[in-house]
Structures are given as structure tokens and as C-alpha cells.
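Heads up, the thing below is written out as C-alpha cells.
Nothing here was measured: the structure is a model prediction, and the numbers come from that model. Heavy atoms only: backbone and side chains are in, while hydrogens, waters and symmetry mates are out. We name chains A, B, ... by the order of the sequence lines, and we start the count at 1 in each one.
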Amino acid sequence: MEKGLFPNSPHKSEIIEIKPLRSLAPLIPKPVQLSSQLGFSPFFPIGETRETQAPPVLNPAPLRSFKSTIVEEEHGAGGGSFRSPFVEEETPRGGASGGDTSSSMEGLDGHCDADDNQKRAAPDSQNRKSSQKKNKKTQDQQQADSRPSVGAGLAPNDEGDRESVNFVLMTFDSLRRRLCQLEDANQLDSTNAIKRADLRASNTLMFKGIRTNPNKRVGVAPGVEIGDIFFFRIELCLVGLHGQVMSGIDYINIKGEDKDEPLALSIVSSGIYDDDAEDNDILIYSGQGEHFNKKDKHLVDQKLQRGNLALDRSSQQHNEVRVIRGLRDVGNKSVKIYVYDGLYKIQYSWIEKVQSGGGVFKYKFVRLPGQPSAFAHWKMVQKWKEGILPRSGLILSDLSAGVESIHVPVVNDVDNEKAPASFTYFRSLRHSKPFGLIRHSNGCNCSKSCVPGDLNCSCIQRNGGDFPYTANGILVSRKQMVYECGPMCQCLPNCKNRVCQAGLKLKMEVFKTKDRGWGLRSLDPIRAGTFICEYAGEILDRANVSQNGKEEHIDEYVFDTSRIFAPFKWNYEPSILEEVSPKDTSEDYAIPSPLIISARNVGNVARFMNHSCSPNVFWQPVLYEENNHSFLHIAFFALRHISPLTELTYDYGIFRSGHTEGSSTPKGRKKCLCGSSKCRGSFY
DNA sequence: GTTAACTCAGTTCG
DNA sequence: CCGAACTGAGTTAA
């Protein structure tokens with residue numbers, strides 16, 4: 001919509017009609033056939049077979065665990081062409097880029113040794129052991145553990161693509177957030193207590209086969225893009241980027257002349273071993289096994305085994321190794337983030353003697369040229385934040401002029417435009433007249449801060465008993481309406497149920513895009529479900545709007561809840577883990593009466609967010625009370641993890657109007673430049 | 001069966 | 001109120 005353009009900009013006349021807007025593609029593909037996959041009951045008694053409902057799997061899918069992927073390779077016709085026709089049938093990828101998978105295992109993979117893999121694959125004993133382990137395990141997990149590896153039939157995507165990766169990550173995090181929500185509320189009894197929601201969620205997903213790139217492979221993991229960020233090690237496993245839950249080195253065994261040799265596939269550098277390097281394209285990585293012998297008080301020598309051996313072989317073979325950089329953001333050091341930095345090769349290795357006697361393996365990784373920068377970008381942004389490096393193209397240090405608690409810079413690296421058209425910065429909604437539902441409620445009576453699980457809190461009651469946010473302020477699920485505590489509540493302003501009222505928390509900047517006017521992006525990494533901002537502005541009266549119908553077309557800064565928005569799923573499919581799923585999982589918003597906001601004259605950063613048919617931000621209605629009225633707000637949340645400097649976009653939806661169908665070109669329609677494969681071509 | 005592995009979340013301590 | 005240091009629960013693979 002080019003919201004940031006000057007109203008009189010010549011670009012504004014760029015109204016090009018393309019195709020009918022009816023061809024709305026759902027945002028979330030169907031990379032796995034959930035409905036059919038979940039057709040069987042997940043709650044079978046242990047030991048009972050359930051082949052009756054399972055498809056005739058010739059090439060059994062891994063049920064859980066990363067080791068099972070090796071089993072697949074064993075069946076995979078020598079590794080080179082892991083492409084069972086069955087799997088192909090069972091896992092349509094929504095007609096997306098699917099394409100040819102023949103290059104999935106290039107080069108060295110072809111030498112993969114089936115026998116060796118078989119030796120290491122002992123799923124049954126493993127499972128038995130696991131299920132004996134502890135009674136703390138949930139029913140679901142026990143079933144997963146005891147489940148035989150053949151014939152259960154959830155085929156994962158053997159070859160990932162972008163949609164599958166997004167789907168897997170979205171499903172994972174949605175389930176994880178839900179488990180966190182339950183944990184916060186202590187709604188599970190002690191035997192079912194969730195200590196590690198991330199592991200618990202991933203267990204379920206592995207069990208259901210909701211993952212991509214399950215085969216270990218050299219080189220790229222299809223669908224994972226350089227610069228992608230992750231917040232849990234287990235996420236790397238789910239998308240096939242790095243198959244080790246804890247270990248930093250992932251490898252496979254390759255059949256050699258005499259014996260099998262390991263070969264490194266991917267590494268995670270967490271920086272704790274002091275693997276720093278001046279050049280961002282170089283990484284000095286330390287081998288594993290460094291530890292301090294407390295008895296003798298010296299560092300123990302590392303051994304040339306396991307990951308170290310694999311890295312050693314890779315330094316001779318010079319094969320591609322995926323590198324994931326673990327780092328802590330300068331702004332929020334408590335959060336660890338993993339950045340996929342693309343492919344590297346090991347140039348050489350050596351042994352370094354530490355002063356107290358320990359020998360440490362060192363490997364020099366060099367980044368392959370021609371890849372988009374990821375880690376280097378990070379370093380740059382961090383330096384901007386710390387003030388070490390001046391921000392180029394800065395034209396205004398704070399767009400909000402002090403209204404927000406953090407500065408909102410305006411930058412232009414593209415052309416000479418000095419600033420967006422002037423407007424009044426306002427943090428929230430301005431009402432032209434009293435608006436909203438009158439309630440004679442005084443809000444909740446909680447003393448300090450509302451506590452998840454406290455069903456006496458009237459605000460929690462209105463949310464259906466669930467606290468809408470996790471302890472760190474992340475939205476758990478999309479829902480009809482989020483009810484926040486407000487000024488009328490007795491709880492303190494720092495109550496965890498007041499996420500959308502505190503203004504901006506992320507370091508954002510308004511920037512000039514190449515071809516879409518001004519846009520909005522963040523310097524901070526954003527995890528899925530993070531509150532970004534609300535849509536601030538002046539509330540318009542619907543009657544007024546229809547009177548001045550022409551006005552509405554001209555006003556690019558209108559947010560209208562009565563538009564038609566492409567439905568999409570953000571919450572996980574409840575049947576994935578029925579026992580923890582809330583009753584109402586509807587993502588259809590329940591908006592009492594249409595809300596129309598104009599940010600033309602008055603607004604906040606939200607007015608600069610551009611449209612995309614494949615957005616990374618969505619909106620959610622939020623209600624809270626002020627001055628004895630309930631006021632509806634439009635809050636934006638991150639749809640997925642968003643890397644720094646990525647433009648923030650949401651789906652503008654379609655203007656609801658009788659005369660817009662057919663061949664006539666409605667006024668105000670614009671050519672969409674979102675660049676998504678799902679692009680609808682145009683928007684209002 | 002045991003243990004290593006560049007985890008994660010929560011608590012304590014300076 | 002931080003960051004560091006520590007602890008416990010947790011997983012897979014070897």
C-alpha cells in the first residue's frame with residue numbers, strides 16, 4: 001500500500017490492476033496431511049498394534065528421535081535417491097516448490113553405508129529403555145517410546161521446502177507456548193509437570209512425523225534460509241539443520257575403503273569455547289570434550305573421536321558444513337539465539353595446548369563466498385545498537401519525539417527523500433466520540449499482578465481461564481478476543497496481562513524501501529508471538545466513512561476490521577495433543593462492531609507497515625477497559641521468528657465492497673510487490 | 001547400562 | 001537490579 005509515501009507522491013498513481021483477488025491461497029500449506037495422519041487414536045494401549053489404521057508403509061518413517069533418520073538412509077537405496085514413491089504419495093507438499101529431489105544427497109552421501117547405519121539403529125531397545133525411565137513421562141510420550149518403528153506410518157517430508165519449514169516451526173512453537181501456558185498456570189498435576197516445554201513439544205511433533213529434512217545430508221537443508229533464526233536447539237533438529245540436541249557437532253558415517261569414516265555435517269558455535277575470529281566469514285571452532293578434571297585440577301586433553309574425528313576428516317575432504325552461530329543479543333542477554341550462517345568448509349585444523357595442560361582441537365572454518373550475509377549482518381546491527389558503528393542514512397533519531405519509551409529512528413539508505421509526510425505521533429487510539437461497549441465493571445481485583453491459573457481473576461475468566469500470554473509476554477494463541485487488564489483493574493501496571501498497553505518494546509526503525517515507500521523493521525530479533533505494536537490512530541465512524549466513500553479509497557492509512565482477511569492457522573491443530581488443547585481454538589475473531597482506524601493524521605509506527613501476501617506479522621483484537629468503557633484495540637504480533645532488519649509486513653485484507661468484483665478496476669487498488677510466491681498480485 | 005554433549009530454565013549470590 | 005555461577009531436569013547417540 002505504500003503507506004509511507006507522501007500523499008502527493010507520483011508513485012501514488014501507480015495503480016495497476018492485475019488479476020481478480022478471489023484467488024486467495026491459504027497461507028499455511030499442508031505439508032503434512034494432518035487430518036489423515038491424526039486419524040488414528042494417539043491413545044492406544046501400549047503394545048497393541050494398530051496396523052489397521054496405518055497406511056502400508058514400505059519405507060517406514062522415523063517415529064521420533066534423530067537416529068531413526070539413519071534407518072531411513074539404510075532403506076534409501078544407497079542413499080543417493082531417497083525417494084520412495086510411497087513417501088512421495090503420502091506427503092504432498094501443497095503443490096509448492098517440491099520439485100526434484102535428486103540433488104538431495106550430493107556427492108559424499110552417495111557413499112553412505114547401509115550396514116553401518118543398521119548397526120547403530122536399535123530403536124526397540126532404545127525405546128524400551130526410555131519408557132522404563134521415569135514415571136514423570138506423559139502418556140503420550142510413553143506411547144511414543146513404545147511405538148514400534150515399522151508400520152506406524154507417518155511419513156515426514158523427506159525433502160523440505162520453505163512452507164514445510166515454516167509449518168513445522170509454527171506448529172512446534174504454538175504447542176510449546178501452550179505447554180508453557182499450562183505450566184505457568186500449574187494446571188497439570190505434579191506427575192505431568194512440564195519442565196521443558198520445548199522438548200515435550202518436539203517429542204509430540206516427532207511422534208506425529210511433523211518435521212522436515214529428516215535425512216542427514218551434506219550441504220543445504222532445503223527450506224531453511226541463511227539468516228533464519230531459532231530460539232531452541234530442538235528447532236534446528238525439527239527442520240533438519242542440525243540433528244544433535246545438545247552436541248555441537250553433527251556427522252554421519254561414510255563408508256571408506258577399509259573402515260567407516262565420519263564426516264561432519266553441521267556445527268553449532270555457541271561462543272563459550274572462545275571461538276571468536278576477527279573476520280565474520282571465519283570461525284575458529286573448538287573440538288568437543290574440553291573439561292576440567294576437578295581431582296587433578298587440570299584440563300583434560302580432547303580426544304580425536306566422535307565429532308572431533310568427523311571434523312578432522314572434513315578438514316581433509318573439505319566438504320560443506322552448515323554453520324549455526326549461537327549468540328546472545330546485546331539488548332537481551334538472557335535469550336540465546338541461533339542464526340543459520342550458511343555453508344562453510346574447514347580449511348585446516350590444529351591442536352592447541354592450553355596453559356594448564358589441556359590439548360584442544362581447533363578447526364578453521366571459512367565461509368563459502370556468494371552467500372547472503374547473516375552473521376555479519378548481526379554483528380553490524382549489534383554495533384549500531386552499542387553505538388560503536390554510526391548508523392548510515394539516519395535522518396531522524398526519534399520519529400515518536402519522545403512519545404515512545406524507546407527511540408524510533410528514521411533511516412534512508414535508498415534515495416534523497418528526507419522524511420515521511422508529517423503526522424502526529426500518538427501511541428494509541430484517539431476517539432472522535434465515545435465509543436465502545438459500556439460496562440460497569442471495575443476490572444479485576446487482583447492485588448499486585450494477575451497470576452496465571454487464578455480463576456478468581458475476572459480478566460482471566462474473560463479469557464476463558466487461560467492467561468493469554470506466557471511468562472515472558474508472548475501471545476500463546478490467536479483467539480476471538482484477548483482481554484487484557486486495564487487501568488480499571490486493581491492489579492499494578494506491570495501486570496503480565498497488559499502487554500499491548502506499554503508501547504514499543506522492540507528497537508524498530510522506519511526505513512525507506514527500494515520500491516514500496518517507507519517500511520518498518522526491527523533491529524531486535526523477534527520470536528513468534530511477540531507483541532510488536534498496536535494500530536494507533538483516529539477512530540472513524542462507519543457512517544462517516546460511507547458518506548465519504550471516495551475518501552476511504554484515498555486514505556491509505558485506514559485499518560478496517562470489516563475487510564476480508566485470508567484465513568490462516570497460527571495455533572497448532574488441537575488433535576496433535578488433544579489432552580492439552582483448550583476447548584475453543586477458533587481463530588475467527590469476534591469483533592463486536594467494526595472498528596475503523598485512520599492513521600493518516602495521527603498514528604504510530606504501525607502506519608508504516610507494508611502489505612504482504614505472505615506476511616510475518618498478524619493482527620489480533622484486544623479489549624481492555626478505560627473510563628468505564630471497553631475499548632477495542634488492534635495489536636500486531638509476530639507470526640514467526642523474524643530476523644533483524646527484516647521488513648515487518650501484514651496482510652491488509654480485501655476491501656469489502658459490492659462493486660469491486662468483476663473487470664472494473666476499483667479505485668485505489670495497487671500492484672503488490674511483496675514478492676511472495678503466494679502473491680495475490682494486488683491489494684488495496 | 002553408562003555417559004558425554006557448545007541445552008534450558010530457574011535460583012542464588014556477589 | 002544486573003550478570004555470573006550453579007543446579008536440576010532433560011534428550012539422543014555412542
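- When rounded to the nearest whole Å, the span between CZ of A/R200 and P of C/dT12 equals 14 Å.
- Aromatic ring centroids of A/F637 and A/F531 lie under 6.0 Å apart.
- Candidate nucleotides C/dG3, B/dC8, C/dT11 were compared by shortest atom distance to the side chain of A/F232, and B/dC8 ranks first.
- The interatomic distance linking A/R176 (CZ) with C/dG10 (P) rounds to 17 Å, in whole Å.
- Looking at A/W384 and A/E386, their side chains never bring a donor and an acceptor atom within 3.5 Å of each other.
- Residue A/K195 places none of its side-chain N or O atoms closer than 4.0 Å to OP1 or OP2 of B/dA9.
- Rounded to whole angstrom, the span from the CG atom of A/N332 across to the C1' atom of C/dG3 amounts to 13 Å.
- Distances were taken from every side-chain heavy atom of A/R196 (C-beta onward) to each of C/dG3, B/dC6, C/dG10; the shortest belongs to C/dG10.
- Here A/Y285 packs flat against the base of B/dC6; its ring centre is closer than 5.5 angstrom to the base's six-membered ring, tilted by less than 30 degrees.
- Ion pairing of A/D301 with A/K353 is present here, as a side-chain N (NZ or NE/NH1/NH2) and a carboxylate O approach within less than 4.0 Å.
- Distance from the side chain of A/Y251 is smallest for C/dA14 among the nucleotides B/dC8, C/dA14, B/dC6.
- Distance CD1 (A/I267) to C1' (B/dA5): 15 Å, rounded to an integer number of Å.
- Within the shown strands, nothing qualifies as a pairing partner of B/dC6 under the Watson-Crick or G-U definition with both distances less than 3.5 Å.
- Rounding to whole angstrom units, CZ of residue A/F230 and P of B/dC8 are separated by 13 Å.
- Distance CE (A/M246) to P (C/dA9): 14 Å, rounded to an integer number of Å.
- Between A/D198 atom CG and C/dG8 atom C1' the separation is 15 Å, expressed in whole Å.
- In this entry C/dG10 has no Watson-Crick or G-U wobble partner, no candidate having both defining distances under 3.5 Å.
- The side chain of A/L199 lies closest to C/dG10, out of B/dA9, C/dA14, C/dG10.
- The residue among A/Y338 and A/R306 whose nearest nucleotide of DNA chain B is located toward the 5' end is A/R306.
- The side chain to side chain contact (heavy atoms under 4.5 Å, CB included) with A/F365 is formed by just one residue from the set A/L311, A/D341, A/I282; it is A/L311.
- Closest to the A/N203 side chain, of the nucleotides B/dG10, C/dT12, C/dA14, is C/dT12.
- At the heavy-atom level, A/R233 lies under 4.0 Å from the strands shown only through sugar-phosphate atoms.
- A/F230 and A/H641 have their aromatic ring centers separated by at least 6.0 angstrom.
- Residue A/Q244 places no side-chain N or O under 4.0 Å from the OP1 or OP2 atom of B/dA5.
- Computed from coordinates, the A/I337 CD1 to B/dT7 P distance equals 15 Å when rounded to whole Å.
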